[in-house]
Structure formats: structure tokens, C-alpha cells
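To start, the structure under review is shown below, and the notes come after it.
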Amino acid sequence: MLRNFRNFSDVEFDFYKSGALISGENGTGKTNLLEAISFFAFGKSFRNCHDTDLINFSSDHLHIRGEFVKNEHILQFESGIEKNRKKISLNGSRINRTSNLYKFIKTVYFSPEDVEFLSGAPVFRRNFLDQALSQYSFSYLELLRRYSHILKQRNILLKTEYENAIKKSWDKQLINYGSKLIDCRLKYLDSFIPRLQKNYQCISANRENLSLKYRYSFPRRESESLSSDLEEYLEEIAGQEKETGHTLAGPHLDDLQFEIDNHPVRSFASQGQKRSTAISARLVQAEMIRVKDSETPILMFDDVLADLDKIRTRNIIKLLHSDHQIFIASPNAAIYKDFKLKEIKLELLP
Amino acid sequence: MFTGTLALLVQHLKKLPGIGNKSARRMAMHLIRMNKAEAIALAESIKTAVEKYRNCSVCNLLSEDDPCQFCRAPNRRDDLLCIVENTQDVYLIEETNEFNGRYFVLSNLLSPIDGIGPDQINFPALCEYLRQHQVKEIILALNPSAEGESTINFLAAELATEIGKITRLSTGIPFGGDIEYTTSITLGNALKRRYKVNDQ
């Protein structure tokens, strides 16, 4: 049930266990509907926007309700947003922190902007990894929060006339939590990468090889521990850090490098190859959750197959696990007929 | 409705922790409605307490007497010093009946965002305290927040040469807690600092 959510003033939808193909002209609210479904997974929009942006222009508040069935239990979520206030409840009890929602509903959103994490700045790839990992492990989210807070404090300190002893008190924490964070990422990638390669090979019909490397923002020697490498490098660049007022090494500056047949995707891949890489990565994100929590996340494709050829599309369908509930939004329903989903056609509102 | 003296009262009440506009208005209305003698007694008690309480010149604790009761007590150990953030932490530690040393109150934790450095955590006064007292062990009873950790790291490094033993409160599974509901940072800490069963 959506009331005053984006362009919907008051509607209710009912979906099958298999999902739905949401069609309709541009501007009918297809992405908005996906956004509403995934709202209960994260307690916020998957678009980078303010909560108040979700409210219909004609109103000053919104109210949405969603019922999910998980392991034969009904989870009833409700949320209301008005100016500066957001309330989310699950089965009648209030949820105080949006991150407490993460464990209930898992969704993976295949965004048209996903190619950006391949061609864009490193921050997009880090965000992808951080988001996937936060959904995968609550401890990662906890570490990430702590690290970001320490980083903020340290950056402010670097801009002031500080005593070296004070800087050291923050360095120690940055190194400790930073290396724990990187360690979590590496462990995740250990099982992520082979799955990614397998998916990509399947999509490209064994014609191309995709690989992925973790790029450190500091010199990494295999003989030393992560923390001592980071510590040593931070000492080395202390002068530079003081000059710029920024922390210049750590997980917040590390990057991922995707390569197809040993060429960096960022600068050499075609649009279709980038799209296939992004889809492979999102599929592994879902697979990792399935393997760890033995639950199949909801998949949401926001018209991401439009620029792929028929063979690749067919190969992607082959990769999908049959238990996923799948939502697809597209103005061209015909492209997605092989998914065999019930079509919900949205109309332009008068 | 809220003008003149009443508006001023609301403004002052809003400065109290946890008091927003609505609660402040409700309290103000209640105060002017209540028994005059009682309300004035309340005002007087605030005035007296505020005037009488000051920071102890030795340990910085908020106290009616200077030096405070803990600094004056003859039966407390002088070689054991517990460093806390706030005065109320002292009373919490007292309730445990596990500690019989002296206290030192920092009043703040290091936080570059809030402009809090060594001077604001009373570090110079702490150094002065250590010059005048024979302290053999320091217990850093500070929150395990990022700011608390930073303060612990700083004090431990700065005092390492003068003080033989510097400890901090252990971080781990709370008493009556459940491993299943412990976050992995906490559980990791508990594992790393596990202790022998006989040491209980």
C-alpha cells in the first residue's frame, strides 16, 4: 500500500511469489515501485536522496505498508515520513535504527547506473563493495561505521595544529579498524571472485574472461601484516597528510580493478561488456547472501538488459536461481517475456 | 501564550539534557501552577547546589567540599588511581564495591570535531596530580567509543614511562548476556582477552 509515495497518491499492489514485470510508459513510476519495495530492506531509498524526496509533491507526508512472507512468517512493515521525521515499524513494533532492518528483507537492485561503478571514480566501486558486505554481514557494517567515524575525527585533527601524541592515538585506531575492514573485504572477495568469473563466462558464452583485483592505497608486502604495512606507510606520508589535511591511505581509498581478458574494464570495455560485468557482480551479491543465510534475496532489474544482445539475455536468465522473487521494470515488456512473469502495467496518471 | 518571564523560563529549561520544547513548556506550566512554597524550595535547592558544587582542586570531581570526600578519605589506597570521564562515573564505580583507590575526572574525551585536545581533558592537572602522588597503577575507566579509545591510547602512551601498570576496563560479553546476540567486535575482544576460570 502506497500513499503519497513519489507519484502514487493511493494504490495497493499484490505480487506473485515469482515476482512481476512492471511495464508502462516513461514517467509512470516503474522505478518508484521498485524503490518502494526495497525501502523496507534498507529503511531508505536506493537512490541517493533525502527521505523527504519520497513524498508526493502534493502532500507533506507519506505512508507505506508492505507485507513480506519469509520462511512462512508474515513480516508486516509500515513507514511514515514527514518533514524531518521518519517512523518504521515491523509487526507493530518500532524499529529505531534503519540498519536493524537489514536482516529481515534482502534485496539486490540492478540499477541502470551500475555501469558507473565500472567506468566511474573508485568511490562507486567501494560503495558497491561496502553495500554488498553490509548486507552480507552485520559486523562489517559495525566496523565500517566505526572506521568512518575515526576517519572523520582524524581528518579534522590533521587540519589543526596537533600534538603528535594525539595523532598517534587516532592512528592506532585507524590502523586497527582499517586493517580489520580490509580483511573482511578480502575474505568476501575470496569467494566472490570465482563466482563472478563463472557468471561472466556463462553470460559471454565462454568467450571472455573477467577478473577482479583488490587495489590497496598503500604498498602491500605479502611478508608483513596488513596493519604493519598501513602503519609504516602512514608514517612515511605523515608530512603529506599534514599538508593536505586528509588521511591518504586506508580502506576508504582502496579500489577494485575489473579486467576483461587482462584489459581494465574501466577504460577498454564496451557498453555491453560493462553491463554484463555489473550484472554478474550483482548476481554474485545475491548468491553470497543465498549461500550464507540460505535465503534468496528479491532481485530487481531496472531495465538493465535493454542494451544486451539476445544470447547474453538468455544466458542471464539461465543463471537465475528459481527461488528468487524477481521484479523487472521496463517500458519494453517484450524484451523480458522469457522471464515468464506476470505483467503489471502502470498507466500515466491524468 | 509563552511571553515574558514564562518564555524565559521555557528557554532555560530547554538547556537541560533530554528536554525539548514541548517538555520545557509542560514543566514551566507545571511550575507556575504548583504550590508556591514547593516551587520556591525547588528553585532554592537548584541555587544552593549550583553555588556549592565546584570542581575538586585535586581530582576535578564535582563536589560540595574541596578537596572532595574521595581525596580526603584516609582509608583509600594512594597508589591506585582510576581515571573517569565524568563525576557520575565515580558514583557508578563506587556502587560496585570493587575499588578502593583514588579518582581523577577528565570532564571530556579527546575529540578533534569538538575541538577537545589535551588541555580540555585536564591533562596538565593530571600530570600535576601524578607529580604529587605516588601512583603505581592507573585504571582507565573510559567508554570504548572512538573518542574513549583515542583518550586511552593517548594517556597510556604519555604516562607509560612514569606509571608501572596502566590498565583499562575489559570489553566483552556483558554479565547475563548472550553470545548469540553479541556483535563480532565485542565477541572478538572477549576471545582475545579471555581469562583463566580460576581467576574469577
Side-chain angles (χ1 to χ4, degrees), chain A residues 84-85 97 99-100 102-103 133-134 136-181 183-184 187-188 227 231 234 241-242 245-247 250 252 292, chain B residues 20-22 83 85 106 108-124 126-127 138 140 142-163 166 168 171-173 178-193:
Chain A
N84 300 327
R85 265 172 53 150
R97 258 181 136 167
S99 57
N100 289 345
Y102 286 24
K103 58 177 173 287
L133 257 157
S134 301
Y136 178 78
S137 135
F138 185 75
S139 326
Y140 184 81
L141 183 66
E142 204 190 3
L143 274 173
L144 184 65
R145 253 204 226 114
R146 185 67 173 250
Y147 180 81
S148 311
H149 185 75
I150 293 164
L151 183 66
K152 204 162 126 195
Q153 287 275 28
R154 190 174 183 271
N155 281 341
I156 288 180
L157 182 77
L158 288 173
K159 290 183 187 73
T160 58
E161 281 300 316
Y162 56 82
E163 274 180 45
N164 212 28
I166 299 282
K167 179 175 166 281
K168 283 226 151 62
S169 77
W170 290 101
D171 287 358
K172 200 171 163 190
Q173 291 191 77
L174 189 89
I175 293 159
N176 178 20
Y177 289 100
S179 51
K180 276 188 184 147
L181 209 54
D183 200 47
C184 281
K187 284 206 179 101
Y188 182 77
S227 49
E231 185 178 359
L234 283 175
E241 285 198 322
K242 194 173 180 148
H246 286 290
T247 300
H252 65 290
K292 180 173 175 247
Chain B
N21 212 9
K22 264 190 190 159
I83 298 184
E85 182 187 355
L106 299 176
N108 283 304
L109 296 175
L110 291 174
S111 174
I113 289 177
D114 303 300
I116 293 171
D119 288 352
Q120 288 74 27
I121 64 165
N122 277 309
F123 185 60
L126 175 63
C127 292
I138 283 182
L140 297 165
L142 304 174
N143 278 329
S145 61
E147 291 71 24
E149 297 272 334
S150 166
T151 311
I152 289 170
N153 291 341
F154 170 74
L155 293 177
E158 290 296 289
L159 306 174
T161 47
E162 300 158 51
I163 310 294
I166 302 177
R168 56 175 291 181
T171 49
I173 301 169
D178 193 324
I179 290 186
E180 195 182 345
Y181 296 106
T182 309
T183 63
S184 86
I185 296 182
T186 311
L187 190 55
N189 277 333
L191 265 175
K192 209 158 78 188
R193 302 193 182 87

Q | A:R97 atom CZ, over 12 foreign heavy atoms within 6.0 Å | A | no
Q) Got more than 12 heavy atoms from elsewhere within 6.0 Å of CG, B:L191? A) yes
**Q.** Gap between atom CD1 of B:I116 and atom CD1 of A:I166 - 0.5 Å precision
**A.** 11.0 Å
Q.
Below 4.5 Å, heavy-atom pairs only: which of B:G117, B:P118, B:G115 has the largest tally toward chain A?
A. B:P118
Q: Answer yes or no: does atom NZ of A:K292 have more than 12 heavy-atom neighbours from other residues, nucleotides or ligands under 6.0 Å?
A: yes
Q | Top contributor to chain B interface from A:T160, A:N155, A:L157 [non-hydrogen pairs under 4.5 Å] | A | A:L157
Q. To the nearest 0.5 Å, what is the distance between CZ (A:F138) and OG (B:S184)?
A. 9.5 Å
**Q.** Side chain, backbone, both or neither of A:Y162 within contact of chain B (heavy atoms, under 4.5 Å)
**A.** neither
Q) If you look only at pairs with a residue in residues 149-158 of chain A, which of them pass as a salt bridge (charged side-chain N to carboxylate O under 4.0 Å, His left out), with sequence neighbours excluded? A) A:R154-A:D171, A:R154-A:E241
Ignoring hydrogens and angles, write down the donor-acceptor pairs under 3.5 Å from the side chains of residues 143-154 of chain B, residues two or more places apart or on other chains.
residue : atom : partner : partner atom : Å
B:S145  : OG   : B:G148  : N            : 3.1
B:E147  : OE2  : A:H149  : NE2          : 2.5
B:E147  : OE2  : A:Q153  : NE2          : 2.6
B:E149  : OE1  : B:R168  : NH1          : 3.4
B:E149  : OE2  : B:R168  : NH2          : 3.0
B:S150  : OG   : A:S169  : OG           : 2.7
B:S150  : OG   : A:W170  : NE1          : 3.1
B:T151  : OG1  : B:L110  : N            : 3.0
B:T151  : OG1  : B:E147  : O            : 2.7
B:N153  : ND2  : A:S169  : O            : 2.9
B:N153  : ND2  : B:E149  : O            : 3.4

